[in-house]
Enquirer: 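Here it is, the structure in full.
Per chain, numbering begins at 1; letters A, B, ... match sequence-line order.
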Amino acid sequence: MIRWFCLLALCALACASLFVGVIDLRSTRPDEVWPLIRDSRFPRTVATLLTGASLAIAGQIMQQIARNRFVEPMTSGTGQSAALGILMTAVLVPAAPIGFKMAMASITALGGSLLFFVIIRRLPPTQPLLVPLVGLIYGGVVGAAVTYVAYQADMLQFIEIWMNGEFSGTLRGRYELLWLAGLAAALSYLVADQFSIIGLGEAVSLNLGLNYAQVVVLGLIMISVVTGLTVVTVGMIPFVGLVVPNLVSQFTGDSLRRSLPMTAMAGAALVLAADLLGRMVIYPFEMPVGTVIGIVGAIVFLWLLYGGSRLAR
Amino acid sequence: MIEIENLSYQIAGHPILSDVSLRLEKGGLVALVGPNGAGKSTLLSLVARLVPLQSGSISIDGLQIGKTADDVLARQLAILPQDLSVASRLTVRDLVGFGRYPYHKGRPRAEDRDRVDAVIGQFELTAIADRQLENLSGGQRQRAFVAMAFAQDTEYLLLDEPLNNLDISASRALMTLLRDLVTAQGRTVVIVVHDINYAAAYADRIIALKQGVVVADGTPREIVNSALLREVFQTGAEVAVVGGRPVVLV
């Protein structure tokens with residue numbers, strides 16, 4: 001029931017997205033409508049859907065690995081590490097092709113998330129809120145490193161592109177990498193049970209004969225690929241990976257086999273809605289989607305934190 | 001049969017287990033007792049390969065721990081670890097279903113679902129099968145975790161302090177269930193338990209550990225007496241015999 005409602009809302013939003021923009025389709029010459037949709041509106045709509053779905057799934061998997069509901073890649077250093085990778089590439093190998101940038105972003109994202117998990121392993125399990133706090137500080141430190149490097153290299157104006165996600169530059173030929181992110185997220189459905197089991201801890205995983213380290217590394221690679229590709233293509237979008245899995249698990253529970261499709265749909269809907277809102281509030285100008293979600297997400301995050309111990313592991 | 005030979009284990013130079021050798025035959029309910037820090041949980045964790053061996057050897061029906069693949073062992077032996085995640089939004093059915101993971105590897109087949117239904121019925125969890133773990137009482141949740149381990153269909157079932165945080169009714173219900181698994185189904189259950197009266201009431205064999213050494217080993221009638229309590233637990237409680245079994249007067 002709720003699944004169909006979500007799907008319907010998603011379709012409605014996607015249709016609306018095709019018709020919202022500076023150029024009004026009603027007063028456009030008929031032969032210009034199709035190129036506009038093909039080159040700008042459709043790529044933008046697909047890009048928001050793919051980004052939202054894959055970021056929400058990456059967040060959910062990160063929460064399973066961390067066994068903590070308050071972490072997600074963009075606020076725990078993974079996104080900042082990806083930005084660092086892109087910046088390093090831009091400084092050291094300015095002529096590098098996009099594929100190389102993407103690979104570097106994913107590799108530094110993986111390194112950044114591995115370090116994060118090494119740090120949080122030492123935290124006492126009785127203090128679940130320490131994990132997101134350490135994540136925010138860690139993300140802040142990596143973000144500061146990005147700013148420092150950019151300042152030294154006189155590239156401060158560029159990092160804004162990666163640090164604050166937006167879709168206004170999404171055109172045909174410039175967003176297709178996101179299909180890879182979507183694919184990586186979709187593949188996680190094949191190992192949904194494994195991710196659910198590692199959420200029960202290392203001992204339970206070992207008891208069931210599951211290779212814990214292998215599943216964790218697989219999850220981290222998936223998170224890093226999604227994060228790296230998203231940051232390269234549209235920039236950092238915070239909170240999607242945090243609020244969507246939390247809200248969805250209220251309805252579907254923690255079995256990823258059941259919750260992943262809903263998480264993907266709800267993430268796509270959230271990012272699309274935020275992008276639509278960003279396109280309309282100061283029309284004909286735009287507000288970056290990262291800013292819109294930053295505001296909405298921060299409020300929902302606070303609500304989750306104060307929403308009582310029921311939500312905390 | 002579980003064969004433990006010359007097992008020693010240290011943490012940061014402190015001996016936790018010293019040269020422990022034991023043979024646990026198939027069938028029967030074995031209770032490991034002893035004061036805090038005696039090495040009971042470490043012994044169980046070593047047998048369940050949750051911590052790597054340091055010296056000595058353990059084999060389960062001839063399969064050497066440390067040399068046998070995890071997924072092979074997962075069909076021979078199941079353990080209920082001590083600290084379990086309590087705030088999970090998994091349903092009881094999801095959890096018991098994961099007990100079948102060693103067989104289906106993430107692709108449950110019809111026979112796995114049938115087995116899960118059967119186990120849920122056997123553990124009297126049918127009424128709460130679709131409720132989430134975080135909304136259950138401690139006793140119900142513990143029962144669900146034991147059901148998951150049981151659904152693994154292993155010869156050996158190890159439980160690390162399953163009675164922690166359970167009231168007397170839930171404790172007795174769980175012990176009765178374990179007793180039934182042993183008597184009616186011929187499973188082998190090894191349990192770490194704090195309360196020696198539960199061990200005496202339900203176990204076929206009690207093994208007492210103190211400072212990493214086996215100090216007593218036998219049936220409850222043979223070994224539960226005031227001398228054991230004095231020597232192992234350093235307490236002067238009396239032991240009475242009620243209905244043919246020893247009872248510690250606390």
Enquirer: How many angstroms lie between CZ in F98(B) and OG in S255(A), if you round to the nearest 0.5 Å?
Expert: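 F98(B) CZ to S255(A) OG: 5.0 Å, rounded to 0.5 Å.
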Enquirer: With a 4.5 angstrom heavy-atom cut-off, could you sort out which part of L158(B) is near chain A: side chain, backbone, both or neither?
Expert: neither
Enquirer: May I ask you to check whether over 12 heavy atoms, not counting those of Q64(B), lie within 6.0 Å of atom CD?
Expert: yes
Enquirer: Please identify, among L210(A), V204(A), D193(A), the residue contributing the most non-hydrogen atom pairs under 4.5 Å to chain B.
Expert: D193(A)
Enquirer: Considering only heavy atoms, which portion of I79(B) lies under 4.5 Å from any heavy atom of chain A: side chain, backbone, both, or neither?
Expert: both
Enquirer: When rounded to the nearest 0.5 angstrom, what is the spacing between CG in D70(B) and CG in N211(A)?
Expert: 7.0 Å
Enquirer: So for P81(B), is it side chain, backbone, both, or neither that comes closer than 4.5 Å to the heavy atoms of chain A?
Expert: side chain
Enquirer: Would you call D94(B)-R258(A) a salt bridge at under 4.0 Å N-O?
Expert: yes
Enquirer: Measuring from L133(B):CG to L200(A):CG, what's the distance to the nearest 0.5 Å?
Expert: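 The distance works out to 8.0 Å.
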Enquirer: Could you check which of S249(A), A192(A), G201(A), S196(A) has the highest count of heavy-atom pairs closer than 4.5 Å to chain B?
Expert: S249(A)
Enquirer: Can you check whether T252(A)'s main-chain N or O pairs, donor with acceptor, with R89(B)'s side chain at less than 3.5 Å?
Expert: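 Answer holds: no.
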Enquirer: Any idea which heavy atoms bring N207(A) and R49(B) closest together, and the distance?
Expert: O-NH2, 3.6 Å
Enquirer: Are the side chain of R257(A) and the backbone N or O of G106(B) linked by a donor-acceptor pair below 3.5 Å?
Expert: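 Flag set: sc R257(A) to bb G106(B) pair under 3.5 Å.
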Enquirer: Does any part of the side chain of R107(B), heavy atoms only, come nearer than 4.5 Å to the side chain of L190(A), both counted from C-beta?
Expert: yes
Enquirer: Could you tell me which of G97(B), A149(B), A78(B) has the largest number of non-hydrogen atom pairs under 4.5 Å with chain A?
Expert: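 Heavy-atom pairs under 4.5 Å are most numerous for A78(B).
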Enquirer: What residue in P108(B), A69(B), A48(B) has the most heavy-atom pairs under 4.5 Å with chain A?
Expert: P108(B)
